[in-house]
Amino acid sequence: MTKESGPKQKDSSLYSCKASSREGGGGRRTFRLRPPSSTIALGSHPLRTPPYYFLFPNLCTSQPVATPDRQTPPENDLSDPRAARRHKLGLIAERGIDPWGARFDDRRFIGDVRKMSDQVRFQTADGQTRELPDFDAGDVDYRQWKADNGPGTETGPQVRVAGRIMLSRPAGKLIFLTIRDWTGDIQIFIGKKQVGEQDFELAKLFDLGDLIGVDGRLGRTNTGELTVFAEKLHFQAKMLDVPPDKHAGLNDPDLKQRMRYADLAFNDGVLQTFLDRTKIVKSIRRTLDEDRFCEVEGPTLHTIAGGAAARPFVTHHNALDMKLFLRIALELHLKRLMVGGIERVYELGRVYRNEGISVRHNPEFTMLEAYQAYGDYESMMDLTERLICNAIEALDGRYQRPFGDKTVDFTPPFQRRTYADLFQQYAGVDPGDAEAVRRLADSIGLDTADKHPDVVKNEVFEARVEDALEGPIFVIDYPASICPLTKRKADNPEIAERFELFVCGMELANAYTELNDPDLQEQLFKTQLEGMEEEDSMAHMDRDFVRALRHAMPPAGGLGVGIDRLVMLLCGQKSIRDVILFPVLRPE
RNA sequence: GGAGGUGUAGCUCAGUCGGUAGAGCAACGGACUUUUAAUCCGUAGGUCCUGGGUUCGAGCCCCAGCACCUUCACCA
């Protein structure tokens, strides 16, 4: 799954830069001079902490200090949770412990430690080793089991873990913690007798949200809970702000997005959704790479924002004194590359559209576009199905996926129905009967004045058909006049070889048999430009793109997939802002 | 941009008819060596989004503004 990214790979120059940028911190970090980690024995971490409080004298007092604003309350008012945390930060430093931690070699991810549970054994007094009862099977009274099998001692592997304190259950001279890293949770047992007076006093200074490291032995408590029985504690970082409610978490959607770090750290499932997003994106790349598609990086700054009908963001290049647009699509540059001979090409990247924000729209979003020379829209349909099915396999292999109150069945093959067929079924009108379509459009309150019959038809389709498509369903063979970049069917110039994939009323993918006739392309651009506002994206003819087509682009299939929406559907998230780490927000 | 809703302790939320501001969690003090959102006793914590207005009196009613949510439009 996730590659080990331990501290060994840490860029020391980056780190020293970070240290020297802090007041009083220059030269403090000396770990680069230490021997390699292999020579460091587990549990005997060599950090000899300097007298840390000389470096941060202001942290090490509980005297009142100036309070510039409400964010830093008086430190002597310990009823304020933030002041209490700062006070404890000072007490930790006074104990000679760096409250901001240090490199922590040879630690294991908690998820891996949990997999070591079968190494926990019970050794009887006469030297026999016994397997523990199967705790997953149901209620096991482990205290009773030990009494029945005793006398004896539990043995388990020595482990080193680190994570954030999520729950704390103090019980006299015992403290139970639940700590979490990005692979899972595990309980920590801290007994005064077991860790010693020093570490137990340190543990009393722990707060929810702090990061700690633990050396200990893996075992089971009387209730059977897999637990690291602490032998040595390592403080790693203090959380100075107050974490959200330990049970309800952070609920305010604005705060969740604004403080995504807190959302990720404290709300169940959020981190998993974003790790799943990465899995989906990796799977898409893998699928395309296996099909010998070549990933490229086109320009983000365009002189003409083309390839889609959307308003662009405008920016300015100072040295050239030139207006530039953030790209609204990847299409036109990828096709230029096909002319150049990259016969299977894709880009998976961010595009920007200066449009409204909604539960399905963010001004910047991630798009995949893929082009395959000598393919057509049928080849792209097969590819789309493969991309989605492989992504599902990369997650958990479950083809029935909940979305809101529905369940979407992604078992291939997906349905394929023509636009006309679906129009007849859901709108109840023959799509070939322009007058009947117009009457229907009028009756549902659409503005039909001065509009091309196919445009009216498409508005009816969007109003009546799209929302009804629970899918996944490929809608194929669109009216040609609404698809300016699409090749017509050989036997019917009224029909464009195009499909859109719909799931839960949402457009997930869009693909064409690409138009490669430069003269027809130029003509269609011009037709589309007529009557358009200057600020609209396609209102500038991309002459260089037409020139590229004159150098001969192979006939090809082209596909666009909205990655954020795919992640929404596969992860069961109803809002696009729940699958984008940092969605656009107004300033605080 | 239009319409509707929400804004109260660090977090999650109550707040009746307009009459002294409430709970749980978190915090602080105390008890507890096998707990599971630990429990028990005690303490402290408020710019009721902001600014006006009505009223003897406003968290509550009225007006304006700000932010977020839902929905529509633009769009994918």
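Convention: sequence-line order gives letters A, B, ...; per-chain numbering from 1. These figures come from a predicted structure and were not determined experimentally.
Comparing B:rU12, B:rC28, B:rU33 by their closest approach to the side chain of A:Ala84 singles out B:rC28. Among B:rA26, B:rU33, B:rA38, the nucleotide with an atom closest to any side-chain atom of A:Pro81 is B:rA26. The side chain of A:Glu225 lies closest to B:rU35, out of B:rA27, B:rA26, B:rU35. Of the candidates B:rA38, B:rU34, B:rA76, B:rU34 carries the atom nearest the A:Phe229 side chain, counting heavy atoms from C-beta on. Out of B:rU35, B:rA76, B:rU33, the shortest distance to the side chain of A:Gln187 is found at B:rU35. In this structure, of B:rU33, B:rA26, B:rA38, it is B:rA38 that holds the atom nearest to the side chain of A:Arg169. In the set B:rA38, B:rU33, B:rC68, the nucleotide with an atom closest to the side chain of A:Arg258 is B:rC68. Side-chain proximity of A:Val242 to the nucleotides B:rU34, B:rA26, B:rC69 is greatest for B:rA26. Closest to the side chain of A:Asp252, from the set B:rA38, B:rC68, B:rA26, is B:rC68. With B:rU70, B:rC69, B:rA76 as the candidates, the nucleotide lying closest to the side chain of A:Ala308 is B:rA76.
The 5' end of RNA chain B is approached more closely, in terms of each residue's nearest nucleotide, by A:Gly249 than by the other of A:Gly249 and A:Pro253.
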What's touching nucleotides 21-25 of chain B from the protein side, N or O pairs under 3.5 Å?
residue: B:rG24; atom: N2; partner: A:Asp245; partner atom: OD2; Å: 2.8
residue: B:rC25; atom: O3'; partner: A:Lys246; partner atom: NZ; Å: 3.2

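Nucleotides B:rC60 and B:rG7 place their P atoms 11 Å apart, quoted to the nearest Å. Using atom C1' as the reference point in both B:rA21 and B:rG45, the two lie 12 Å apart (nearest Å). Using P as the reference atom, B:rU8 and B:rA14 are 10 Å apart when rounded to the nearest Å. Here, B:rG29 and B:rG51 have their P atoms 36 Å apart, quoted to the whole Å. Nucleotides B:rC69 and B:rA64 are separated by 23 Å at their P atoms, to the nearest Å.
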>> Is there a ring-ring contact (aromatic ring centres under 6.0 Å, His included) between A:Phe176 and A:Phe189? Walk through the geometry before answering.
In response: CA-CA 5 Å; A:Phe176 292 92; A:Phe189 175 106; 5.4 Å; yes
> Please walk me through it: do A:Asp268 and A:Arg180 pass salt bridge (Lys or Arg N to Asp or Glu O under 4.0 Å)?
Replying inline: CA-CA 11 Å; A:Asp268 288 342; A:Arg180 171 177 301 175; 3.3 Å; yes
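Residue contacts shown for A:Asn362 include a base, since a base heavy atom lies under 4.0 Å away. Across all strands, A:Gly191 comes closer than 4.0 Å to no nucleic acid atom at all (heavy-atom distances).
Both tests hold for A:Arg217 against A:Phe229: distance to the six-membered ring centre under 6.0 Å, angle to the ring axis within 45°. Stacking of A:Arg498 on the aromatic ring of A:Tyr478 is recorded, both the 6.0 Å distance cut-off and the 45° axial limit being met.
A distance cut-off of 5.5 Å between ring centres, combined with a plane angle under 30°, places A:Phe365 in a stacking arrangement with the base of B:rA76.
Under the 30°/60° scheme for interplanar angles, the aromatic rings of A:Phe461 and A:Tyr419 are found to lie parallel.
With hydrogens and angles left out, the side-chain atoms of A:Tyr512 and A:Glu331 include no donor and acceptor closer than 3.5 Å.
The phosphate of B:rU70 has OP1 or OP2 within less than 4.0 Å of a side-chain N or O from A:Arg577.
The residues A:Arg360 and A:Glu507 are annotated as not salt-bridged, no charged nitrogen and carboxylate oxygen being separated by less than 4.0 angstrom.
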